[in-house]
Amino acid sequence: ALVAEGAAETCLVGGARRLEVARVRQPVRAERAELRQAQRLAEILRDIARELYASVAKLPIVSPHGHTDPAWFATNSAWQDATSLLLVPDHYLYRMLYSQGVPLESLGIPGADGRGNGTDPREAWRLFARHYHLFRATPSSLWLDQVFAEVFCLEHRLSAETADEYYDHIGACLQRPEFRPRALFERFNIEVLTTTESPLDQLPHHDALRRSGWKGRVLTAYRPDPVVDPEFPGFRDGIGELASLTGEDTETWDGYLAAHRRRRDFFRRMGATSTDHGHPSARTAHLAPREAEDLFRRVLDERVSPDDAELFRAQMLTEMARMSLDDGLVMQIHPGSFRNHNAAIHRRFGRDCGADIPTSTDYVRALKPLLDLFGNEAGLSIIVFTLDESAYSRELAPLAGHYPALRLGPAWWFHDSPNGLMRFRELTTETAGFYNTVGFNDDTRAFLSIPARHDVARRVDAAYLARMVGEHRLAEDDAHEIAADLAYHLPKRAYRL
C-alpha cells in the first residue's frame, strides 16, 4: 500500500506503470474504506456495550449459590493472612500450581484429616508469587488482579519481587475494621449471599447471624449429597446421624424420606430457598415403592455396588423434586464432574483439591423420568448446570426452552470465564431465550472474588447484547432491560429471593 500510494507514484514513469499504480490504488482505497467502516462499527458497538455495562455495573450483587464459610459473617473475625484467605481455600489456584510440580504441602493445604502441616504461610505465599505467571490469561488472574487493585489498592504486579510487599500489605489491611467480613460484604454491595450446608449441619452460624441484628442477608442451601450418595465417605454413619437429628427411623425407606422432609423444613425455616445436588450424572429414576425400598436396603450395605449407588442417586433426585414441589425450595442439579480423579491426592488431602475433571453428560434421557413426573409443573423450579458445553445447544437449551419446571444455570466452574460465559449466551439464547436462564451466580469459596466475577459476567453480557443491537436483532431499549434482568432481577426471581 505504501508503494502504491507513495514512492511508486512519484518515481515511476510511463503509461504502463501509471496504469499498474492505478490498479493497485483502487483496491487499496476500497480496503481502507472497509477498514474505516469496520473500525467505526467496532467503536459504535463498544459505545453501546459501555452504556449497557454502565447501566448495571452498580446494581447490587445477588449471589444465590456458593460455598463461602458462614462462620466468617457470624463471628466477623479478622482473617489471618493472605495465604489463608486467598490461596488455601481456592482449588482453582492450587490445581494449576500442582500441575507444574508444586507440592500441595508447600502451599499449606491441610491433609485429609483437616490438620495443617506446619507450612509457614509467608513461604507459601512467596512460592505462589514466584509461580503467578502460570495464571496469565486465566480467569484466576482476572479475578485476583481485580481483588489486589480494587480491594487492597496494590499498584504493582504480584511477582517474586513483590511477594513480601503483598503479604505484609494485605495482612495489615485485614486487621482493620473495614476489612472484616461484614464490612466487605457491605462494601461489595451484596444484597444476598447463599452458602451451602449438609443436612447434618445444625446451622449454628446461620442461627448466630439471625440473632446478631446485622442486616446482611446470608442464607443457607440444602446440600444432601453426604446422605444421598452411597459412595460419599461416611454415608452409613450419616444415615444414623440423620436419625438422631430428626427422630425418624432412617433404617426404613419411609423414615429416611421423612427425615429429609424434616431437615428441609428446618433449613427452610432458617432462610433456605434452594437445594443443591452435586451428582456424577444427571440420571433420574422413577421406581415403584417396593423397588425403592429394596434398593434402599441394598445401599445401606457398605458393599453397595456402583450400579446400585448410581440408581439410588437417580431415585433421590426424583424424590427431591417431589419434595421441592411440596415445600417450594428451588432445586439445583450440578452434574458431570468426575470428582477426586487423582486417587493419591484424594487419599492425602481429601475432597475438593483441584482434581475434579468434567465429563460428558446426557440430559435428554437422564432427566426424562423426573420430567415425566414434574416437568410440566409451573410451580416447580429446577435449575440445571453442566460441565459439558456440547450439551448446551443440543440438549439443555431445548429442554429449558420447553419444560415449565426447568431453567438453565449459567456457565459454571471450568467455564466461568469470559470466553465460557460468551459461549453460553451464543449457544443457548436462540433456543431458550434469556428468560429460561437464571442470570449469573458465582458458585465460589473465594469471597473476595465475588465482585470481580459478577463484574466479568456483566461485561460479557453487555458485549453480547451490544452485538445483538448492532446486528439489528435486538432493540437498544430491550438490551438495557435484559442487561438489568440478567445481572439482578433473574437470579432474584429464579431463587425466590
Side-chain angles (χ1 to χ4, degrees), residues 63 65-69 72 79 81-110 119 121 124-125 127-152 157-158 163 166 170 188 193 195-196 276 278 334 336-342 345-346 349-359 385-389 409-424 440-457 460:
S63 180
H65 174 73
H67 302 279
T68 52
D69 188 345
W72 293 341
W79 285 291
D81 52 64
T83 301
S84 61
L85 174 60
L86 299 172
L87 176 58
V88 172
D90 196 342
H91 58 77
Y92 284 82
L93 298 181
Y94 54 77
R95 75 184 306 273
M96 175 69 82
L97 297 167
Y98 184 76
S99 76
Q100 291 287 309
V102 178
L104 296 188
E105 295 91 342
S106 63
L107 299 172
I109 309 305
T119 301
W125 185 261
L127 184 60
F128 169 51
R130 289 202 299 273
H131 290 84
Y132 194 58
H133 64 279
L134 298 176
F135 298 95
R136 289 169 178 163
T138 69
S140 293
S141 68
L142 199 64
W143 302 326
L144 274 175
D145 287 346
Q146 188 163 336
V147 168
F148 294 148
E150 296 194 5
V151 178
F152 295 108
R157 291 181 181 180
L158 178 61
Y166 265 65
I170 293 173
F188 293 162
L193 180 147
T195 65
T196 308
D276 184 37
H334 284 83
S337 177
F338 191 127
R339 295 184 183 269
N340 311 306
H341 194 274
N342 188 327
I345 290 295
H346 185 215
F349 296 97
R351 299 172 57 86
D352 303 322
C353 282
D356 302 328
I357 309 297
T359 63
F385 296 77
T386 190
L387 292 176
D388 179 6
E389 286 188 315
W412 163 54
W413 201 342
F414 290 87
H415 310 306
D416 179 9
S417 64
N419 289 343
L421 292 164
M422 184 63 77
R423 288 194 298 269
F424 174 83
F440 178 70
N441 65 52
D442 48 77
D443 192 10
T444 184
R445 293 176 174 83
F447 174 58
L448 269 64
S449 76
I450 287 177
R453 291 168 188 252
H454 283 261
D455 187 66
V456 169
V460 170

So CZ of F128 and OG of S106: to nearest 0.5 Å the spacing works out to 12.5 Å
### Whether T359 side chain and F338 backbone form a donor-acceptor pair below 3.5 Å
no
Rounding to 0.5 Å, atoms OG (S140) and CG (L97) come to a distance of 9.5 Å
I'd like to know if the side chain of S449 reaches the main chain of A452, judged simply by a donor and an acceptor atom lying under 3.5 Å from each other, with no hydrogens or angles considered. no
Minimal heavy-atom distance between L448 and F188, with the atoms involved, is CA-CE1, 4.1 Å
Nearest heavy-atom contact between T195 and T68 is CG2-O, 3.4 Å
Are the side chains of P110 and V88 in touch, meaning some heavy atoms are under 4.5 Å apart? yes
**Prompt:** Hey, are the side chains of W79 and W72 touching, using non-hydrogen atoms and a 4.5 Å cut-off?
**Reply:** yes
Would R339 and D352 count as a side-chain contact (heavy atoms from CB on, under 4.5 Å) if you check the C-alpha gap in whole Å, the side-chain angles of each, and the deciding distance to 0.1 Å? CA-CA 8 Å; R339 295 184 183 269; D352 303 322; 4.1 Å; yes
Value for OH (Y166) from CG (L86), rounded to nearest 0.5 Å, stands at 11.0 Å
**Study point:** Crowding at CZ, R423 (>12 non-hydrogen neighbours, <6.0 Å)
**Key:** yes
- Query: Does NZ or CZ of R453 fall inside the cone over Y92's six-membered ring, less than 6.0 Å from its centre and within 45° of the axis?
  - Reply: yes
**Prompt:** Under 3.5 Å, side chain of D416 to main-chain N/O of A411, donor-acceptor pair present?
**Reply:** no
Between P121 and T83 the two heavy atoms that sit nearest each other are O-OG1, 2.7 Å
ask   = Is F440 close to F424 at the side-chain level, that is, under 4.5 Å between some pair of heavy atoms?
value = no
Could you go through residues 142-149 and list every donor-acceptor pair under 3.5 Å that involves a side-chain atom there, pairing it with any protein atom two or more places apart or in another chain?
from : atom 1 : to   : atom 2 : distance (Å)
D145 : OD1    : Y132 : OH     : 2.8

Rounded to the nearest 0.5 angstrom, the CG-CD1 distance for N340 and I357 is 10.5 Å
Only residue of T196, L193, D442 satisfying side chain to side chain contact (heavy atoms under 4.5 Å, CB included) with H65 is T196
What one should report as the nearest heavy-atom pair of C353 and I345 is CB-CG2, 3.9 Å
For L387 and G336, the nearest pair of non-hydrogen atoms, with its separation, is CD1-O, 3.7 Å
Open item on the list: Quick one, L107 and Y98 - any side-chain contact, counting heavy atoms below 4.5 Å?
Closed with: no
Is any side-chain heavy atom of D443 closer than 4.5 Å to a side-chain heavy atom of H67?
-> yes
request  = Determine whether H131 and M96 make a side-chain contact, defined as any pair of heavy atoms from C-beta on separated by less than 4.5 Å.
outcome  = no
By salt bridge (Lys or Arg N to Asp or Glu O under 4.0 Å), D388 pairs with (sequence neighbours left out) none
CD1 of I109 to CZ of F349, rounded to nearest 0.5 Å, is 7.5 Å
- Please examine the side chains of F385 and D276, heavy atoms only from C-beta on, and report whether any two atoms are closer than 4.5 Å. no
Looking only at heavy atoms, the pair that brings H91 and W413 closest together is CE1-NE1, 3.5 Å
Separation between CG (L158) and CD1 (I170), nearest 0.5 Å, reads 8.0 Å
